[in-house]
Trainee: 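Below you'll find the structure I mean.
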Amino acid sequence: MARVDDEPPPDVVVAGRLVGLRRMGGTSFAQLRDGSGEVQLFLNQQSLGQVAYRHALEVLDVGDFVSAGGPLFRTRTAEPSVRVERLQVAAKALRPLPAKWHGLHDAETRFRQRYLDILANDDVRRRFEARTSIVSALRRVLDDHGFLEVETPTLQPVYGGGAATPFVTTYAALNRDYYLRIADELYLKRLLVAGYERVYEICKNFRNEGIDSSHCPEFTMLECYQAFADLGDMRELAQQLVAAAAEAACGTRQIQFDDRVLDFTPPWRRVTYRDALLASTRVDLERDGSTSALKDAAKANEIPVDPSWSRAKLLDELMKTLVEPTFVQPTFLERYPTETAPLAKRCPDDPRYIERFEVFVNGMEMANAYTELNDPLEQRARMEEQASARYGADATPVDEDFLLALEHGMPPAGGLGLGVDRLVMALAGVTNIREVILFPQLRDRS
RNA sequence: GGGCUGGUAGCUCAGUUGGCAGAGCAGCGGACUUUUAAUCCGAAGGUCGUGGGUUCGAGACCCACCCGGCCCA
């Protein structure tokens with residue numbers, strides 16, 4: 001490879017985007033950038049020829065892609081430069097780049113024209129590179145553990161694996177409504193039935209619900225399932241995945257986030273659901289966890305209560321409002337009440353609880369894991385309960401095809417879901433999920 | 001859905017008690033043969049988010065709406 005101080009001066013060809021142009025009469029300087037860095041072009045009447053030189057200045061604009069050839073040398077100020085003897089415009093820019101020194105700050109334009117945001121703002125460009133490193137690190141950990149990466153349907157005839165409103169679409173060839181997946185859990189479990197013992201998928205899920213700083217209707221989830229494993233194995237795996245992601249993105253497990261440091265070094269804190277609720281609301285699920293006790297607690301904390309809410313919904317609201325925001329450092333919330341999730345196995349010592357944890361960071365849910373329910377009879381009962389009117393708007397349909405698979409025998413297993421966007425948020429130190437999604441959807445301007 | 005806040009030139013932003021719409025950068029014209037946020041001279045650039053209203057006069061005040069941001073539900 002040619003070096004700038006080689007003798008004789010090596011003849012090189014460079015190409016990239018013009019990001020600066022200083023016209024100074026008979027000599028001009030241009031700044032050329034590509035993915036690897038920048039180099040200065042030295043444009044001069046003598047080396048380029050009078051006609052070509054004049055034409056170049058006429059036609060060149062900042063933003064153009066150009067290729068240039070000529071000897072590599074240093075200018076008087078020792079700046080490595082190409083003395084341009086041949087010049088070609090490879091692509092013309094018709095619109096100007098965002099102001100070089102003021103950048104692009106308007107949030108709306110940054111989201112609507114992300115390419116300009118990435119072009120103008122180094123921190124944004126690096127953040128999306130970090131996102132890719134994080135996803136690679138997650139894959140590496142799972143691949144190293146012998147997990148098989150698979151692809152399952154995005155379009156599903158029955159939605160399941162979570163409680164959410166789906167996007168509905170029409171599958172013309174099959175002449176019926178289909179749903180964009182809200183989760184891929186039930187398909188990955190079918191693969192456990194099939195005999196694959198470790199599977200995972202990183203995919204987009206779609207939930208037709210609100211948009212705010214931590215929710216995007218189209219988001220990325222990692223789900224993995226491991227046969228003959230339990231919640232304790234998932235706890236280990238979650239810590240390993242996140243620690244590896246942190247090191248990949250930041251080179252450390254201690255992440256500066258605003259004025260605090262998030263420490264992802266295992267082991268993370270563990271709190272039981274009952275203890276957390278008790279500490280924040282003085283509701284003790286062991287003494288009086290009735291619907292009316294939960295309603296009283298909600299009212300006492302100025303949470304507006306819809307009379308139609310189920311006990312599960314009340315619990316969720318209390319936890320969301322009073323408990324979860326208090327978990328700043330990575331925390332496992334464990335031993336959930338049984339009605340909070342129909343797909344998790346009950347605790348062997350107490351059927352009122354399930355073997356489930358969620359991980360919270362910065363007050364935000366980041367992961368969810370169970371020892372998976374693999375008893376087809378209980379699964380049917382729990383799904384039918386979840387489908388009943390008592391769950392109102394949160395009711396989810398019974399997936400008969402999934403139950404059929406379970407009836408053929410699913411090995412005991414642990415399963416883990418990890419919200420990739422939220423993991424990236426925590427590691428990148430941003431508080432809006434749109435900052436980690438390349439092309440977030442916005443309302444039409446007009 | 002509620003509260004707060006923003007939308008002015010391509011970009012970043014000013015705009016005072018209501019009185020001719022501003023700056024820097026970019027762009028355009030000119031000078032300049034070693035600059036690097038080049039410099040200097042000149043000219044130009046506007047549906048002040050949209051629609052109403054108040055007023056002799058509205059970018060500013062009032063009402064409604066559109067599109068964002070932050071917080072809350």
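Every chain is numbered from 1 and lettered A, B, ... according to where its sequence line falls, protein lines coming before strand lines.
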Trainee: If each of A:Asn432 and A:His105 is mapped to the nucleotide of RNA chain B with the nearest heavy atom, which maps nearer the 5' terminus, i.e. the 5' end?
Mentor: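 So the residue in question is A:His105.
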Trainee: Under 4.0 Å from OP1 or OP2 of B:rU34: is there any side-chain N or O of A:Asn44 that close?
Mentor: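 False: A:Asn44 side-chain N/O out of range (4.0 Å or more) of B:rU34 OP1/OP2.
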Trainee: Nearest whole angstrom, please: distance from the C1' of B:rG10 to the CD of A:Gln113.
Mentor: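 From A:Gln113 CD to B:rG10 C1': 11 Å.
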Trainee: Rounded to whole angstrom, note down the P distance from B:rG57 over to B:rC40.
Mentor: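 To the nearest whole Å, 44 Å.
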Trainee: Which nucleotide in the list B:rG69, B:rC67, B:rA26 gets nearest to the side chain of A:Pro96?
Mentor: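 Per side-chain heavy atoms of A:Pro96, the pick is B:rA26.
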Trainee: Tell me the interatomic distance from A:Asp258, atom CG, to B:rC70, atom P, rounded to whole angstroms.
Mentor: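 Result: 13 Å.
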Trainee: Where are the stems of RNA chain B, defined as at least 3 consecutive Watson-Crick or wobble G-U pairs with both distances under 3.5 Å?
Mentor: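 Consecutive-pair runs (3 or more) involving RNA chain B: B:1-7 with B:66-72, B:10-13 with B:22-25, B:28-31 with B:39-42, B:49-53 with B:61-65.
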Trainee: Is any side-chain N of the basic residue among A:Arg253 and A:Glu247 closer than 4.0 Å to the acidic one's carboxylate O?
Mentor: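 Yes, charged N to carboxylate O under 4.0 Å.
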Trainee: For B:rC32, does OP1 or OP2 lie under 4.0 Å from any side-chain N or O of A:Arg23?
Mentor: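 No, outside the criterion.
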Trainee: Other residues, nucleotides and ligands only: do more than 12 of their heavy atoms fall within 6.0 Å of CD on A:Gln88?
Mentor: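 Incorrect, the count does not exceed 12.
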Trainee: Which of parallel (below 30°), tilted (30 to 60°) and perpendicular (above 60°) describes A:Tyr336 and A:Tyr273?
Mentor: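 Plane angle between 30° and 60°, so tilted.
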Trainee: Would you say a side-chain N or O of A:Arg112 is under 4.0 Å from OP1 or OP2 of B:rC67?
Mentor: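 The answer is no; no side-chain N or O of A:Arg112 sits under 4.0 Å from OP1 or OP2.
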Trainee: Please evaluate the base of B:rU34 for a donor-acceptor partner in the side chain of A:Thr27 within a cut-off of under 3.5 Å?
Mentor: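 Side chain to base: no pair below 3.5 Å.
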Trainee: Ignoring hydrogens and angles, write down the donor-acceptor pairs under 3.5 Å from the side chains of residues 426-433 of chain A, residues two or more places apart or on other chains.
Mentor:
residue	atom	partner	partner atom	Å
A:Asn432	OD1	A:Arg434	N	2.9

Trainee: Between B:rC28 and B:rC65, how far apart are the C1' atoms? Round to whole Å, please.
Mentor: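 The answer is 38 Å between these two C1' atoms.
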Trainee: Does a side-chain N or O of A:Arg22 approach OP1 or OP2 of B:rA38 to a distance below 4.0 Å, or not?
Mentor: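 Yes.
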Trainee: In whole Å, measure the gap between the C1' atoms of B:rG7 and B:rG51 for me.
Mentor: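 Result for the C1' pair: 16 Å, nearest Å.
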Trainee: Keeping A:Asp284 on the side-chain end and A:Glu286 on the backbone end, is there a donor-acceptor pair under 3.5 Å?
Mentor: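 Checking the backbone N and O of A:Glu286 against the side chain of A:Asp284, a donor-acceptor pair under 3.5 Å is found.
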Trainee: If you draw a 6.0 Å radius around CZ in A:Arg125, do more than 12 non-hydrogen atoms from other residues or ligands fall strictly inside?
Mentor: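 Yes - once you tally the heavy atoms of other residues, nucleotides and ligands closer than 6.0 Å, there are more than 12.
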